[in-house]
There are 2 protein chains.
Amino acid sequence: MSSQPASMRDVAHRAGVSLSTVSRVLRGAPGVAPDVRLRVQRAADELSYVVSRNASGLVTGRTGRVAVVVPFLQPWFFGVVLSGVSDALREADLDMLVYQVGETRAREGWTRALPLRRNSDAVVTVSMDLSEDECHRLDDVGVPVVLVGQCVPGRASVYIDDRAGAAGATRHLLNLGHTRIAYIGARREEWSSTSSRHRLEGYGAAMATAGLAPWSVGKATGHAGGELAMGELLSDQDPPTAVLAEFDDIAMGAHRILRRSGVRVPGSISLMGFDNHDAAAVLDLTTVDQAPYDTGLAAGRLTVGILDGKARTDTHVEMPTQIILRQSTAAPRGARGLST
Amino acid sequence: MSSQPASMRDVAHRAGVSLSTVSRVLRGAPGVAPDVRLRVQRAADELSYVVSRNASGLVTGRTGRVAVVVPFLQPWFFGVVLSGVSDALREADLDMLVYQVGETRAREGWTRALPLRRNSDAVVTVSMDLSEDECHRLDDVGVPVVLVGQCVPGRASVYIDDRAGAAGATRHLLNLGHTRIAYIGARREEWSSTSSRHRLEGYGAAMATAGLAPWSVGKATGHAGGELAMGELLSDQDPPTAVLAEFDDIAMGAHRILRRSGVRVPGSISLMGFDNHDAAAVLDLTTVDQAPYDTGLAAGRLTVGILDGKARTDTHVEMPTQIILRQSTAAPRGARGLST
DNA sequence: CTGTTAGCGCGTTCAA
DNA sequence: TTGAACGCGCTAACAG
């Protein structure tokens, strides 16, 4: 209706008080008579007035906004993390700016291109796998940074122990009695993420502890990579009895190939993923849950804490992972392990 | 490094020009000598200075931000739409604010609670299924509104023809020779979305045209609902030979029950979804694609167009749907239709 | 083509 | 407990 949104002056006028009184009331500042406070609040309500963060930020130096930077918005994972971040920020009455910056190489210089500086109070990066260089450039922005899915000493980080998660998953397969356990990873061309490396290391370590040689296949990423890799494994002279995938998307591609090939899961081959993708439940896929919503929530709350001066900027939060047992893993035929 | 981020004054000082010249350069306004422009740009670069949208917005009345309101952030669909919106806004150098407002009933009053007013130049709602009332309250915010996934006369809307999509899907099953075609929908307690209704209507219309009575089962939403509904259908005296689900999540739940029950898909029952969820490919599920990324992109561009005064605020954009044939649908045994 | 000036809407002094 | 004056960083209108 009102072509010109109400300003604080309108509220003051309507309530019959001065500008500063309105400001005090709306900020919840003390030193206002109860009846006056009520009158102002009603006036603001009637005009459906909300404080302009623009104007207040100009003077306080705080924008009331937090920037969240993600490589992509489409994959399941980021939506869930954002959901957690959003809820945490809402608690503190902060708005969420979302920036999608794209693939690693293409994001060259995103730290400068993005209007982060003076337009948000903090930056949360999700699975960005920042280089030392990029981290330093972020410091230049002059706002606190919280890293999600990456653990950097001296910086606020929220992450999972990928090594431990992958090692646990591998042990699950070992405990079932498997010895021929292959690992399918995503090999990117010029770059490999820390998380990728850690998961592979975790698998390798668990295998070594069991006195077994690692057996890993790296193909493209996503479903397609899983299909290719599983194709290769099925053509091996002595195929594995269990397969661990770096993440569920890959496992799902592998699952598809197994289904089409008539290979029984887990009868002939046990298959295990990582992430607890929401489609993993549909496929009855055993996987490792990493609670991305809780991760987002923790990251959001840590950000709020830092902004309130209640948390240090080098806080590390390690989120737990948990194995979700479903129907895609079982003891191999005639195994000795846990099976009888 | 710099504890105090540079301001425009610093840039002006460093370049040896006045504030307005810097402002002109940074806005790309005409009327600046090329060499001066270059000098200013370099100075800004060296100080890694970016304009404060806060301050500029204060005077221009434009914030450089668009608010996107979604009920949830976790479901696959919203991430993909947001991705499209984000790309479109980036083209126009606009930032994206994301608000997650939650379930229908709980979002009572979100239009007032959200600091939309004076904090964004436009609002994009995604699958919000706004009531007349909520629409009017949004008008009060005083910024243009673009509706995604909802078609309201007189308002900017980007949507798909759910009726036609569901009718097409039903015809696909009819053409294969099925006559016992059941429909699984999500029945929410106190409320049903427009899209839900339209899809059911499309199914009903196609069935009627074929001279068949509709057969619809409504359970909870999501995987669980699909499982329940399929359980009911499998206990019927004369089970269907084909099942159309309102959306892929439901179809995936149904698929799981069929798999566990040893019912062959599509051998004994054809199964079809709607949405082209990214997990649908993994399940080889025939479905209806609605290109959510393109929808987001179109909505974002429409928003930009409206802000630039190049598009009307009552523009309607209908996005095409497309049937994606996969392995989950086939002619029934001994059918007459297209099968031979 | 460039510099000067006056606010944009609000929070923060101060003084009353 | 309240109100008036000032300035946050920037743009728009003007003057030069």
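Computed from heavy atoms alone, side chains included, the values below leave out hydrogens, waters and symmetry copies. Letters A, B, ... mirror the listed sequences (proteins, then strands); counts begin at 1. Small disclaimer: the values here were computed from a predicted structure and weren't measured.
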- N or O in side chain of B:Arg27 less than 4.0 angstrom from D:dA12 OP1/OP2: yes
- Task: Considering non-hydrogen atoms only, spot the tightest contact between A:Met8 and A:Leu26 and give its length.
- Result: CE-CD2, 4.4 Å
- Is a salt bridge present between A:Asp10 and A:Arg14, judged by a nitrogen-to-oxygen distance below 4.0 Å? no
Polar atom pairs between nucleotides 7-9 of chain C and protein, under 3.5 Å, N or O only, would you list them?
from  : atom 1 : to      : atom 2 : distance (Å)
C:dG9 : N2     : A:Ala55 : O      : 3.4

- Message: Rounded to whole Å, please give me the gap between CZ in A:Arg24 and P in C:dC14.
- Response: 14 Å
- For residues B:Ser127 and B:Pro71, report the shortest heavy-atom separation together with the two atoms involved. O-CG, 3.8 Å
- B:Leu19 CG to C:dT4 P: how many Å, rounded? 9 Å
- Could B:Asp121 and B:Arg65 be called an ion pair, given the rule that one side-chain N must be under 4.0 Å from one carboxylate O? no
- Query: Does a nitrogen or oxygen in the side chain of A:Ser18 sit under 4.0 Å from OP1 or OP2 of D:dT2?
  - Reply: no
- The side chain of B:Ser23 lies closest to which of these nucleotides: D:dT11, D:dA4, C:dT2? D:dT11
- Ion pair B:Asp314/B:Arg155, N-O distance below 4.0 Å: no
- Item | Distance-only donor-acceptor test (3.5 Å): side chain A:Ser20, base D:dG3 | yes
- Using whole Å, report how far CZ of B:Arg62 lies from P of D:dG9. 24 Å
- Query: Would B:Asp93 and B:Arg53 pass as an ion pair if we require N to O under 4.0 Å?
  - Reply: yes
- Message: Taking the minimum atom-to-atom distance to the side chain of B:Thr60, which one of D:dT11, C:dC10, C:dT2 wins?
- Response: D:dT11
